[in-house]
Amino acid sequence: MFKKGNKLYSIITGSCPKCHEESMFKNKNPYILSEALAMNETCGNCGTKYKIEPSFFYGSMYVSYPVGIAFATAAFVISFFVFEANINIVFISIIATLIVFMPIILRLSRNIWINFFMHYDKSLAKK
């Protein structure tokens, strides 16, 4: 389920959607905020250009909303049902979760967005 050739592998690892060999991002750590969204222009292995067109990744905003909702729902379920917190604490935990995981949500949204348009090609895997 989680191996090369699967879209989920590319989405979770942030690797090239065509060859799954190299990271799309210049820095693997999303919490270095100045470089959180800095991406390589092309894949070093297969030469895939990540920016298909100018402003391509603006579309990832449409993906970031449901991804953020998923994180907020998880925070709600954990704080309200597991820890049985009151509504004020639940609200604070949702806001804190969204702030803490913001760089991950942004990267995950970009990974999902580019994987809508590009597909794995086995011939490019080990060039």
Side-chain angles (χ1 to χ4, degrees):
M1 181 178 139
F2 190 69
K3 54 186 173 179
K4 289 184 181 180
N6 190 342
K7 284 201 177 283
L8 191 59
Y9 178 85
S10 177
I11 291 169
I12 300 296
T13 62
S15 59
C16 172
K18 290 241 182 191
C19 69
H20 294 187
E21 294 293 328
E22 187 175 292
S23 176
M24 292 190 301
F25 297 96
K26 290 182 179 178
N27 192 332
K28 285 196 176 231
N29 185 355
Y31 287 101
I32 299 176
L33 297 179
S34 62
E35 299 176 7
L37 296 177
M39 295 181 69
N40 296 318
E41 293 292 320
T42 60
C43 176
N45 182 57
C46 66
T48 299
K49 187 177 176 185
Y50 297 131
K51 252 189 173 176
I52 297 172
E53 59 187 24
S55 305
F56 171 71
F57 286 107
Y58 282 138
S60 68
M61 290 186 297
Y62 295 110
V63 177
S64 69
Y65 183 75
V67 171
I69 294 297
F71 274 79
T73 302
F76 170 77
V77 167
I78 291 169
S79 61
F80 190 73
F81 292 113
V82 175
F83 294 116
E84 298 177 355
N86 67 22
I87 198 71
N88 292 331
I89 301 298
V90 170
F91 180 72
I92 291 169
S93 70
I94 291 171
I95 298 301
T97 299
L98 291 175
I99 290 170
V100 168
F101 287 105
M102 180 195 62
I104 292 172
I105 292 170
L106 291 172
R107 280 195 175 186
L108 197 58
S109 300
R110 280 190 172 205
N111 295 343
I112 292 169
W113 184 250
I114 198 166
N115 274 281
F116 280 145
F117 301 99
M118 294 185 183
H119 307 289
Y120 180 71
D121 186 359
K122 196 174 194 176
S123 65
L124 297 175
K126 293 185 180 177
K127 204 172 184 182

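Numbering starts at 1 and runs along the sequence shown.
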Q: Mind checking side chain to side chain contact (heavy atoms under 4.5 Å, CB included) for Phe76 and listing every partner two or more places apart, or none if nothing turns up?
A: Phe80, Phe81, Val90, Ile94
Q. When rounded to the nearest 0.5 angstrom, what is the spacing between CG in Asn45 and NE2 in His20?
A. 11.5 Å
Q: Could you tell me whether a side-chain N or O of Glu22 sits under 3.5 Å from a main-chain N or O of Cys43, the two making a donor and an acceptor?
A: no
Q.
A quick test of your reading: do over 12 heavy atoms of other residues, nucleotides or ligands sit less than 6.0 Å from OH of Tyr31?
A. yes
Q. Hey, is CZ on Phe117 packed in by over 12 heavy atoms from elsewhere, all under 6.0 Å?
A. yes
Q) Which atom names give the shortest non-hydrogen contact between Arg107 and Glu35, and what distance separates them? A) NH2-O, 3.6 Å
Q: Compare every heavy atom of Cys46 with every heavy atom of Cys16, then report the nearest pair and how far apart it is.
A: SG-SG, 3.7 Å
Q: Would you please name every residue forming a ring pair (Phe, Tyr, Trp, His ring centres under 6.0 Å) with Phe25, sequence neighbours left out?
A: none
Q.
If you define the side chain from C-beta out and look only at heavy atoms, does anything of Met39 sit under 4.5 Å from Arg110?
A. yes
Q. Are more than 12 heavy atoms from other residues, nucleotides or ligands located less than 6.0 Å from atom CD of Glu41?
A. no
Q: Following the transitive rule for hydrophobic clusters with a side-chain heavy-atom cut-off under 4.5 Å over Ile, Leu, Val, Met, Phe, Trp and Tyr, establish whether Val67 and Val77 coincide in one cluster.
A: yes
Q: Could you tell me which non-hydrogen atom of Lys49 sits nearest to which non-hydrogen atom of Thr42, and how far apart they are?
A: CA-CG2, 4.0 Å
Q | 4.5 Å side-chain heavy-atom contact, Ser23 and Ser15 | A | no
Q: Give the C-alpha distance, both sets of side-chain angles, the deciding distance and a yes or no for side-chain contact (heavy atoms from CB on, under 4.5 Å) between Glu21 and Lys4.
A: CA-CA 9 Å; Glu21 294 293 328; Lys4 289 184 181 180; 3.3 Å; yes
Q: Start with the C-alpha distance between Asn40 and Met24, add both sets of side-chain angles, then the distance that settles side-chain contact (heavy atoms from CB on, under 4.5 Å), and finish with yes or no.
A: CA-CA 6 Å; Asn40 296 318; Met24 292 190 301; 5.9 Å; no
Q: Flag the pair Leu8 / Asn115 as yes when at least one side-chain heavy-atom distance between them is below 4.5 Å, and no otherwise.
A: no
Q. Which heavy-atom pair separates Tyr50 from Phe56 by the least distance, and what is that distance?
A. O-CD2, 3.9 Å
